[in-house]
Amino acid sequence: MITLNLDKIMKVKGVRLKDLAAKIGLTNANLSNIKTGKISAIRFSTLNALCQELDCQPADLLAYVPDAE
């Protein structure tokens, strides 16, 4: 399973959802869905904008967690 760490990165960087959404051109609702993991896909352009604004790598935002067997 792929998990999103956007909330952790935002907390470390001291960035608010409203401010980040405005800077990367997303609605608060769409960014909130990404932050809470309520998405099944993310555009590379969105991932690029997040990495650029948060000064991080995609691997900082995404993590692979093996399914429990």
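FYI, the numbering just counts along the sequence from 1.
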Residue pairs, two or more places apart or on separate chains, that pass salt bridge (charged side-chain N to carboxylate O under 4.0 Å, His left out) and touch residues 28-51: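 For residues 28-51: none.
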All pairs passing salt bridge (charged side-chain N to carboxylate O under 4.0 Å, His left out) where residues 21-30 contributes a residue, at least two apart: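 Passing the test, one end in residues 21-30: Lys23-Glu53.
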Could I get the full list of side chain to side chain contact (heavy atoms under 4.5 Å, CB included) partners for [X], not counting sequence neighbours?
X: Ile39; value: Leu4, Asn33, Ile34, Ile42
X: Ala49; value: Ile24
X: Val12; value: none
X: Asp60; value: Ile9, Cys56, Gln57

Within a 6.0 Å radius of atom NZ on Lys13, are there more than 12 heavy atoms belonging to other residues, nucleotides or ligands?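 Yes.
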To the closest 0.5 Å, what do you measure between [atom1] ([X]) and [atom2] ([Y])?
X: Ser32; Y: Leu26; atom1: OG; atom2: CG; result: 11.5 Å
X: Met10; Y: Leu20; atom1: CE; atom2: CG; result: 5.0 Å
X: Leu6; Y: Leu61; atom1: CG; atom2: CG; result: 6.0 Å

May I ask whether Val65 and Ile2 are part of the same hydrophobic cluster, defined by side-chain heavy atoms of I, L, V, M, F, W, Y residues being less than 4.5 angstrom apart, directly or through others?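 Shared cluster, no.
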According to salt bridge (Lys or Arg N to Asp or Glu O under 4.0 Å), who are the partners of Asp19, at least two apart in sequence or on a separate chain?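 Scan of Asp19 (salt bridge (Lys or Arg N to Asp or Glu O under 4.0 Å), adjacent residues dropped) gives Arg16.
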Report the residues that fulfil side-chain hydrogen bond (donor to acceptor under 3.5 Å, both in side chains) with Asn30, sequence neighbours left out, ordered by chain and then residue number.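 Testing Asn30 for side-chain hydrogen bond (donor to acceptor under 3.5 Å, both in side chains), a comparison that skips the adjacent residues, returns Thr27.
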Smallest separation among heavy atoms of Cys51 and Pro58, with atom names: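 Nearest heavy atoms, Cys51 then Pro58: SG-N, 3.5 Å.
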Can you see which heavy atom on Leu17 is nearest to which on Asn28, and at what distance?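 For Leu17 and Asn28, the tightest heavy-atom pair comes out as CD2-O, 3.6 Å.
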